[in-house]
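Below you'll find the structure, written out as structure tokens, and then a few comments.
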Amino acid sequence: MAIADVKNWNIELEKKITDKWKVSELFKFDIKTKKKIYSIDTPPPYVNAPIHIGQAITYCYMDFFARYRRMKGFEVIFPLGLDRNGLPIEMAAEKAFGVSPFRDGRDKFIEACKKLLEQTSSETQDTFAKLGISFTSYKEGNHVGAVYKTDSPDYRKITQATFIELFRKGLIYEDNRINNWDPKLQTTIADSEIEYKDIPSTFNFVKWKVKETGEEIIIATTRPELICTCGMVIFNPTDKRYKHLEGKTAISPIFNKEIPIKSNKTADVEKGTGIVMMCSAGDLSDIQFFREQNLEPKIAINIDGTMNEHAGILEGLKVKDARNKIIELLKEKKLLSRQEQITHRTPISERSGAEIEFIQMPEFYLKQIEFKDDIRKIADKINFFPKEARKILDDWLDSIKIDWPISRRRFYATPIPLWISGELIAVGKSGEYYEPWKESPKKDFEVFKNGKKTGVVGDFKDLKWEGETRVLDTWMDSSISELIMLKYKTDDEFFKKSYPATLRPQGKEIIRTWLYYTLLRGYLETKKPCFKDVWINQHITDKQGYKMSKSKGNVVDPQKLLKLYGAEAIRLWASIEGDLSKQDLKCSEEKISAEVKTLNKIINVAKFVNLFEKPSRIKLTNLDKLFVDYIEDLTKRTDESYGNYDFYHPALELRRFLWEIFASHYIEIVKSRAYNQENKFSKEESNSARYTLHYLFERFLVLMYPIIPQITSVIADDKGINLLKEKFPAIVKTKYEFNLIEKIIEFNSNVWKDKKEKGISLRNEIEGIKIPKELKAFENDLISAHNLK
RNA sequence: GGUCCUAUAGUCUAUCGGUAGAACACCUCGUUUACACCGAGGAAGGCAAGGUUCGACUCCUUGUAGGACCACCA
């Protein structure tokens, strides 16, 4: 394709290039490479919906990184993963096919999930290909950098293998604890899956009695249905109103239970009436309180969200109905002094939107509390871009209070490879994929009792084994993405050579999940930090600055922008709009369309430069040397910034170079010398101009290549340069004086202004202009460029 | 409540303590051997109050506004 035949940069051109790139696997990883390896632990996008422009832009940034590192001589691993496990797929399958796992059975439900996954369009991959993302491969397989799926047996068996090892080491245990329970999805969830929402609720002021004095006390609560689980009534020790109640006994309304009254500084004098009922299922801090006070927790809510026998007359009712009923009862008995509407910050399940309940259930836990300091230490060895992002991780580490509950009572996820018989637990062997609910344990599987090995399955004849039906939290598989990428447990030699991974790029909102869990899991497997660098991106927002989200309905479809403006305009815009690791980027179509102009400018400049043959190296004139020095210096600064994941400042400067320095001034000045039709200049001088035109422009193409690889490589192709294989230019020391170029620009502007004011056409001659002293060295060029007399 | 970030032209965004610079939009003029998706020119800007300094958009304090993260709200 010759650029001379092209009028404008357009999406038909792009299609030809990206189609070719996608099928030809140009960036295949060479397993025998002697080069240093640069590996990018790409976030695997969730496949239930096509990616939106915000996500798409983050992959453009990763592509900048990958292409730059290839130029710097690294063998790059930049895999495309597809995240297919977990609740979003299950919920979509329920909706699409009207199936229910509880009604239709596990096998049928899993089939429905698989069917949905097949139907899920390949639109995301198509978007990546059209954007020119240089993934190591667009094909599935076992080669390094191949497309991987988190629900494939190959992936799941590694997830299970890590589970098995951790279990055997005693780092995973089962415990019957109070957990965050999602009543809608019927599963336990982790703290990190909870979000808080302000929900209007009613503060009920309920009358209690004091046994010893018979006086009435009023306690405010949003959860009157939990009065039955109250274990203690507390007030603040500084609160004079209640001082006399210390050690006395409260009688709960309706239930008439005797409950001790004590002072405790967790009670807030300002809130409600200052006197509080402590229930064993309000939230996690209540649970902690019960532990500290050595109180026996009473759980009044069943796993299906109904009240149990502890709730007495409320038994069998759903939580909300129970609340209404008890309020009515209190009203009837005149035990409700008043009600107040408040907004209450309520824990909500991030996945289903249901209000979290706290319910006691046996679940598997992965130990994490005892590794917090180790994680802090390895995190200290990792470079964060930007530096500030480290704090988000630190804050999260500080707030981890319990081990990680890793079992889920769901279906489309990695099964837990265990079989149970009474107190005995049989464990699968690592290296196989297991679905225990439909398989039997093999004879040589190890058997554990209370965390200790007691033999193998074959030793216990005639025992009936039940396959574990629970599955793993999907973060258990996402958190080994870098291990999978580097062939952990499948190619030991390669893993040893390539671990730790070089870069984890990801969003700030999943630092406490994906990043933290990966650090933990990597540490448990290898005792090392699993990354050298972590690059944290902010958000792409809509025009108004709001974060894009499906629920808000403000998502922009990348396919639409690709059709209108093409990939190169989007990528150029993404680099020039701001530094995504430092600030949110507002997605504005106007700005993207403006970058199309720059692409056309590049084409036109290419056409002009190509009017002249590039002479072999010759002696440069003063002016040409000055501009060559300038771009050598710009090369150095660009290299430094790219190396620190900053593509923004170089992109700005390179664009300025193109428009303001190269096109508007350098070309205008040397045009006549390059043509040299009237032989005003020597052959040598003319060749110097021609050489420099090519040199500057080629360098521009090389430096811009990671950002806009299509247009730059097409133009470079015409010049016999393959940018996909091109090395980043060596850094040359210069004595470049920035000042002089600014002076020249100023001089040119003044002459143009002068001619305009005097009504002289730009090409006609003008009298009486003096060339400033410091520009004497460039006199000939300036006289000729402006036709000075 | 805690921690942190940001505040510059109509919009968006730069700038080592020394004349505030682009882009988009707007206005005027122009067609010049690559480009009218162009060229030249123009109008238009530092949140507020203090402080440090010869000098502050830049550093400090406070306030105001917006945003982020964390914790908690019986």
Side-chain angles (χ1 to χ4, degrees), chain A residues 3-4 7-9 196 198 201 203-204 219-224 226 230 233-235 264 266-268 270-279 282-286 289 342-347 386 388-389 391-399 401 508-509 511-512 538-539 541 543 545-547 573 576-579 582-586 588-612 648-649 652-653 655-656 659-660 663-664 667-668 671-672 674-675 677 693 697 748-749 751-757 759 761-764 787:
Chain A
I3 209 70
K7 184 114 180 81
N8 290 315
W9 186 253
Y196 289 85
D198 286 317
S201 99
F203 219 9
N204 301 287
I219 298 178
T221 177
T222 56
R223 303 284 309 258
L226 294 177
C230 178
V233 169
I234 61 168
F235 60 90
N264 188 290
T266 56
D268 186 338
E270 302 293 319
K271 285 223 171 81
T273 56
I275 190 159
V276 191
M277 65 173 202
M278 298 305 288
C279 302
D283 60 40
L284 286 176
S285 66
D286 291 348
F289 181 87
I342 54 164
T343 52
H344 182 70
R345 226 164 137 66
T346 313
E388 297 77 35
K391 209 176 158 8
I392 302 175
L393 179 67
D394 284 343
D395 286 349
W396 178 241
L397 281 166
D398 284 342
S399 63
K401 296 274 184 330
K508 66 177 168 183
E509 72 283 0
I511 288 178
R512 65 180 189 163
Q538 309 288 306
H539 299 304
T541 67
K543 254 190 212 161
Y546 294 110
K547 187 185 162 181
W573 166 78
I576 263 161
E577 186 69 16
D579 183 343
K582 301 244 160 69
Q583 63 189 100
D584 291 348
L585 301 192
K586 281 187 195 173
S588 137
E589 272 194 59
E590 282 173 352
K591 292 291 191 74
I592 294 173
S593 79
E595 296 312 331
V596 175
K597 289 187 187 174
T598 299
L599 299 174
N600 289 325
K601 191 73 177 179
I602 293 173
I603 289 193
N604 283 309
V605 169
K607 283 184 191 166
F608 175 75
V609 171
N610 285 340
L611 290 174
F612 309 100
Y648 170 56
H649 290 97
L652 270 183
E653 214 175 338
R655 188 176 59 172
R656 177 175 135 81
W659 286 92
E660 305 297 322
S664 295
I667 288 182
E668 291 305 328
K671 217 178 240 179
S672 60
Y675 281 109
Q677 276 162 342
L693 281 168
F697 187 56
N748 289 343
S749 297
V751 177
W752 287 327
K753 206 168 166 179
D754 240 37
K755 282 190 172 176
K756 191 181 168 179
E757 274 165 13
S761 148
L762 285 179
R763 83 176 128 186
N764 288 341
N787 208 352

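A:Leu652 has its CG atom 17 Å from the P atom of B:C12, to the nearest Å. Following rounding to the nearest Å, A:Ile667 (CD1) and B:U33 (P) show an atom-to-atom distance of 13 Å. If you take CG of A:Leu611 and C1' of B:U33, they are 9 Å apart, rounded to a whole angstrom. Taking atom CG of A:Asn8 as the reference point, atom P of B:C37 lies 9 Å away to the nearest angstrom. When the P atom of B:A71 is taken as reference, atom CD1 of A:Ile392 falls 13 Å away, rounded to whole Å. In this structure, A:Glu653 atom CD and B:U15 atom P are separated by 11 Å, rounded to whole Å. In this structure, A:Ile576 atom CD1 and B:A22 atom P are separated by 16 Å, rounded to whole Å. What separates OH of A:Tyr648 from C1' of B:U15 is a distance of 11 Å, to the nearest Å.
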Between the protein and nucleotides 25-27 of chain B, which nitrogen or oxygen pairs come in under 3.5 angstrom?
none

Can you tabulate the close N/O pairs, meaning under 3.5 Å, that link protein atoms to atoms of nucleotides 3-8 of chain B?
| residue | atom | partner | partner atom | Å |
| --- | --- | --- | --- | --- |
| B:U3 | O2' | A:Lys391 | NZ | 3.1 |

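The structure places CG of A:Asn610 at 7.5 Å from CZ of A:Phe697, a figure rounded to the nearest 0.5 Å. We find the CG-CD distance between A:Leu652 and A:Glu577 to be 10.0 Å, quoted to the nearest 0.5 Å. Residue A:Ile392 holds its CD1 atom at 7.0 Å from NZ of A:Lys508, rounded to the nearest 0.5 Å. Summarising the geometry, atom CE belonging to A:Met278 is positioned 11.5 Å from atom CD1 belonging to A:Ile219; distances are rounded to the nearest 0.5 Å. Of the inter-residue distances, the one linking A:Ser664 atom OG with A:Arg656 atom CZ reads 10.0 Å to the nearest 0.5 angstrom.
Checking B:C37, B:A40, B:A34 against every side-chain atom of A:Ser664, the shortest atom distance belongs to B:A40. The side chain of A:Ser672 lies closest to B:U33 when the candidates are B:U33, B:A71, B:C38. Picking from B:A40, B:C24, B:C70 the nucleotide with the shortest atom distance to the side chain of A:Ala594 gives B:C24. When each of B:A71, B:A22, B:C35 is scored by its nearest atom to the side-chain atoms of A:Glu660, the top-ranked nucleotide is B:A22. Distances were taken from every side-chain heavy atom of A:Phe608 (C-beta onward) to each of B:G39, B:U15, B:A34; the shortest belongs to B:A34. The A:Glu668 side chain lies nearest to B:A34 when the options are B:A34, B:A68, B:C37. Counting only heavy atoms from C-beta on, A:His649 has its side chain closest to B:U15 among B:A34, B:C37, B:U15.
With contacts defined as side-chain heavy-atom distances shorter than 4.5 Å, the pair A:Asn748/A:Glu668 does not qualify.
Smallest separation of non-hydrogen atoms from A:Arg512 and A:Trp396: O-NE1, 3.1 Å. Nearest heavy atom pair, residue A:Cys279 against residue A:Leu226, reads SG-O, 3.4 Å. A pairwise comparison of heavy atoms in A:Lys601 and A:Trp659 identifies CD-CZ3, 3.6 Å as the closest pair. Shortest non-hydrogen contact noted between A:Phe608 and A:Tyr675 is CE1-OH, 4.0 Å. For A:Ala674 against A:Leu693, the heavy-atom pair with the smallest separation is CB-CD1, 4.1 Å.
Comparing A:Val596 and A:Glu577 against RNA chain B, the residue whose closest nucleotide sits nearer the 5' end is A:Glu577. Residue A:Lys601 is the one, among A:Lys601 and A:Phe203, whose nearest nucleotide of RNA chain B lies closer to the 5' end (criterion: closest heavy atom).
Using atom P as the reference point in both B:U52 and B:A9, the two lie 28 Å apart (nearest Å). Taking the C1' atoms as reference points, B:C73 lies 36 Å from B:C60, given to the whole Å. Comparing the same atom, C1', in B:C57 and in B:G1 gives a spacing of 33 Å after rounding to whole Å. Between B:G63 and B:C69, the distance separating the two P atoms is 23 Å to the nearest Å. Taking atom C1' in both B:U61 and B:A71, the straight-line distance is 28 Å, to the nearest Å. Straight-line distance between the C1' atoms of B:C59 and B:U3: roughly 22 Å, to the nearest whole Å. Across the C1' atoms, B:A20 and B:A44 are found 13 Å apart, a figure rounded to whole Å. Across B:U19 and B:U15, the matching C1' atoms stand 13 Å from one another, rounded to whole Å.
Considering only side-chain N and O atoms, A:Arg655 lies nowhere under 4.0 angstrom from the phosphate OP1 or OP2 of B:A22. An OP1 or OP2 oxygen of B:A34 is reached within less than 4.0 angstrom by a side-chain nitrogen or oxygen of A:Tyr675. OP1 or OP2 of B:C35 has not a single side-chain nitrogen or oxygen of A:Lys671 nearer than 4.0 Å.
A distance-only check finds no donor-acceptor pair linking the side chain of A:Trp9 to the backbone of A:Leu599 [under 3.5 Å].
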Dot-bracket encoding of pairs in RNA chain B, which uses [ ] for pseudoknotted crossings and | for another strand, Watson-Crick or G-U under 3.5 angstrom: (((((((..((.(....[..).)).(((((.......)))))....(((((..]....))))))))))))....
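Each of A:Val609, A:Ile602, A:Ile603 was checked for a side chain to side chain contact (heavy atoms under 4.5 Å, CB included) with A:Val605, and the lone residue meeting it is A:Val609. None of A:Thr598, A:Val596, A:Ile592 except one satisfies the side chain to side chain contact (heavy atoms under 4.5 Å, CB included) rule with A:Trp573; the exception is A:Ile592.
Residue contacts shown for A:Ser749 are limited to sugar-phosphate atoms, with no base heavy atom under 4.0 Å away. Residue A:Ala606 is classed as having no contact, given no heavy-atom separation below 4.0 Å to the nucleic acid.
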